[in-house]
Asks: 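Just passing along the structure, written as C-alpha cells.
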Amino acid sequence: MTHAMQPAIALARSGSTYVEFEAGNEQDTMVERGGGRNRRPLRWGVAAAALALGVSGFVVLDPLGLNDGESGPVAEAPVAAEDLAPGSMYHVVDQVGARALWQQGITGSGVNVAVIDTGVTPVESLAGDGKIVAVADLSSEAGSPATAFVDSNGHGTHLAAIIAGREPGANPVDSAAHPETFLGVAPDAGIVSVKVADRAGDTRPIDVIGGIDWVVENAAELDIRVLNLAFDSGSRVDYTDDALSAAVERAWKAGITVVTAAGNNGDELVGLASPASNPYVIAVGGALTGDQLGVADWSALGDGERNPDVVAPSVSIESARVAGSDADLNHPTGYVDPETFKGTGSSQGAAVTAGLAALLLQEHPEWTPDDVKAALTRSATPIPGADPSRAGAGLVDAVGAAEADVSGAAQTFAAAAPQGVDAQPADARPVVAVQNLAPGIEWAGATWSGATWSGATWSGATWSGATWSGATWSGATWSGATWSGATWSGATWSGATWS
C-alpha cells in the first residue's frame, strides 16, 4: 500500500479557553503492564509523521510504526482460548453472548456509532475500509496537523475498538476457532469519532455538548444510530436542570441510542452524575469479567430511583493501544503487547453495551432508543445478591436482547430543560474541524460552528450554577476506573503518588 504524506486539515479555535479538570475519585481506564516486548513510542509533536492510510483525506499519526521502515503488523501465531485473560475481547464477546449473534450474521453492519471522547486513532483493528466513517475535532488539538482528529490520550481508541474493532482478516462467523484475532462487540459497525479532549483529557462543557449537537445534526447522513459518551461530569444537579443531561436527551429523542458510563465512585457517593443521571439514556455499570457473575466494588451506586440500567464486563478489558499516547506512557502496567493494553472501568462497560446496541439495531432497524433500552434491561441476567442500585437489571445478554419483547417501551420521564442565563459570544462556541470518509456524502463546509438549541443558543445555559465561560469543570472525568488501579489525579498508584 502506498502511504501518501498529507497535512491535517483543521481550524484553530478563536475565543476559546481550556480548563483542566481534576479526576478526583473518578478514575479513567486501567492498565497493568505485562509481557516482555519492547514498546516503540510514537514521536509526538509537529515532527510526528502524518500518514494517510489509503483513505482519501484521512490523516493519522503513525501508531503502527509504518513509517519507520518496518513492514507493519505481522501475522499472529495461534493461541488457545484458555490461555487468554478473562478480559480479552474473545472472552468478553462470549460473556455477553455477542458471538452467537455473529454466527447468525448479526455483526453491526450498516450501523454507525459516534464516540465522543479523546479521539480515535486508526490503529490496526480500526484501520479497515469503512471502519472510521468521519472524524470531527472540537478539542484544543484541532489546530495542529500532528494531533488533529487522532487520539493522543488513548481512551477513545480503546473504547472504539471494544465497540467495533476488527483485525484485518478476522471473520466474525468463524471467530470461535481463532482466539488469536481481535474483534470488537460489533465488528462490522462503523465509528464516527468526535474528539472533544486533548492529550491530558482536558475539555470544556461547551465542547462536549457541542460534540453531541454535531452528532445530532449529522446523524441522518452518517447513519449514526448509537452514541457512546463514557464521561462523568461530576455534576449532581437534578437532571432536568443540567445542560449536559439536556444534550444527551436531545440526541435520544432524535432517535440516537445514547450509552453512558455510570461512573466509578463505588460507595463513596450515592447517585449518578450527569449524563448518566438522565433516566432516558442507558447508564452502564461495571461487571466482573470471567466466570464469576458480579459487580465491581468501584462501580457507581444509584440512589434507588435512578440507578445504573445494566452492567457489562469492565475489568481489565484488553483493547487497542495507541503507542506514545498519554495512557501508554504514563500507565505502563497496562501494556499487553504492541497493539494491546488493559483498561478497567465503566467506560469499558459502556463501550461493550454500545456495541450490543449496534447489533440490536442491525437486527431490528425499526427499534427506537426506548426499544433498545427495554430489550437490554428486560433480558439482562440478574446478579444474585447484588444491590439493584449498583447492578441495575443485571448483566447484558445479547441473545436475550435480540429476542426481547419491547412492547410498551416508551419512556415518559420529565424533560430536561435547563434555564439559560449569560449568553456567550459566538466565538466562544466550538468550531469543529471535520473530515468525512463516507463515500457519496458531501459536507456543506469545512467547519460547523454550533447549531441552535431548541430555538435558543445552548451556549447561554448554565453549568451547575456557573456560566460555561470561565467556569472550571473540576471533578469531571472520562469514566473508566483506572489505568491499572491508579486514579488520574493526586491519588496513589502502586504505592507512590502521581498526578
Side-chain angles (χ1 to χ4, degrees), residues 23 27-44 48 60-68 70 72-77 79 83-92 117-127 150-162 165 167 179-184 199-201 230 289-290 313-345 347-348 351 478 480-488 491-499:
Q27 308 116 9
D28 214 320
T29 322
M30 238 179 192
V31 285
E32 297 130 61
R33 184 170 179 98
R37 299 161 77 177
N38 294 327
R39 290 179 297 151
R40 182 172 61 251
L42 178 65
R43 298 174 295 280
W44 292 95
V60 304
L61 291 168
D62 188 14
L64 300 178
L66 299 176
N67 200 43
D68 63 4
E70 298 186 16
V74 178
E76 298 180 61
V79 298
D83 293 335
L84 295 175
S88 67
M89 287 305 299
Y90 181 88
H91 289 313
V92 168
D117 211 286
T118 61
V120 175
T121 293
V123 294
E124 182 183 20
S125 61
L126 294 169
V150 295
D151 182 10
S152 55
N153 177 274
H155 186 265
T157 303
H158 196 260
L159 301 192
I162 292 172
E167 185 176 321
E180 73 278 5
T181 60
F182 181 93
L183 289 164
R199 182 176 180 86
T289 49
S314 300
V315 178
S316 295
I317 306 300
E318 297 183 357
S319 185
R321 164 184 176 248
V322 180
S325 66
D326 182 81
D328 186 52
L329 297 181
N330 291 320
H331 309 278
T333 56
Y335 179 92
V336 177
D337 61 40
E339 287 79 44
T340 314
F341 69 90
K342 302 176 187 177
T344 291
S347 281
Q348 281 66 30
W478 298 101
T482 53
W483 300 107
S484 187
T487 58
W488 278 108
T492 60
W493 177 52
S494 300
T497 61
W498 63 277
S499 63

Asks: Just to verify, which of L183, I317, T340 counts as forming a side-chain contact (heavy atoms from CB on, under 4.5 Å) with M89?
Replies: I317
Asks: Of all the heavy-atom pairs spanning V322 and V123, show the shortest one and how long it is.
Replies: CG2-CG1, 4.4 Å
Asks: Tell me if a side-chain donor or acceptor on S314 pairs with a main-chain N or O of Q348 at a distance below 3.5 Å.
Replies: no
Asks: Taking all heavy atoms of F182 and all of G165, pick out the closest pair and write down the distance.
Replies: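 Taking F182 first and G165 second, the nearest heavy atoms are CE2-CA, 4.0 Å.
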Asks: Are the side chains of T118 and H158 in touch, meaning some heavy atoms are under 4.5 Å apart?
Replies: no
Asks: Is H91 close to L84 at the side-chain level, that is, under 4.5 Å between some pair of heavy atoms?
Replies: yes
Asks: Looking at V150, is its backbone amide N or carbonyl O close enough to the side chain of T121 to form a donor-acceptor pair, meaning the two atoms are under 3.5 Å apart?
Replies: no
Asks: Side chains of D328 and S325: do they bring a donor and an acceptor to under 3.5 Å?
Replies: no
Asks: Between T289 and P86 (side chain of the first, backbone of the second, donor and acceptor by atom type, cut-off under 3.5 Å), is there such a pair?
Replies: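 Flag not set: sc T289 to bb P86 has no pair under 3.5 Å.
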Asks: As an exercise, state the distance from CD1 of I162 to CD of E318, rounded to the nearest 0.5 Å.
Replies: 10.5 Å
Asks: Using only atom types and a distance under 3.5 Å, with no angle test, would you say the side chain of T157 pairs donor to acceptor with the backbone of G154?
Replies: no
Asks: Shortest non-hydrogen contact from V120 to A160?
Replies: CG2-CB, 3.8 Å
Asks: Side chains of V336 and R321: does their closest heavy-atom pair fall under 4.5 Å?
Replies: no
Asks: Output the distance between atom CG (L329) and atom OH (Y335), rounded to the nearest 0.5 Å.
Replies: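 These two atoms lie 12.5 Å from each other.
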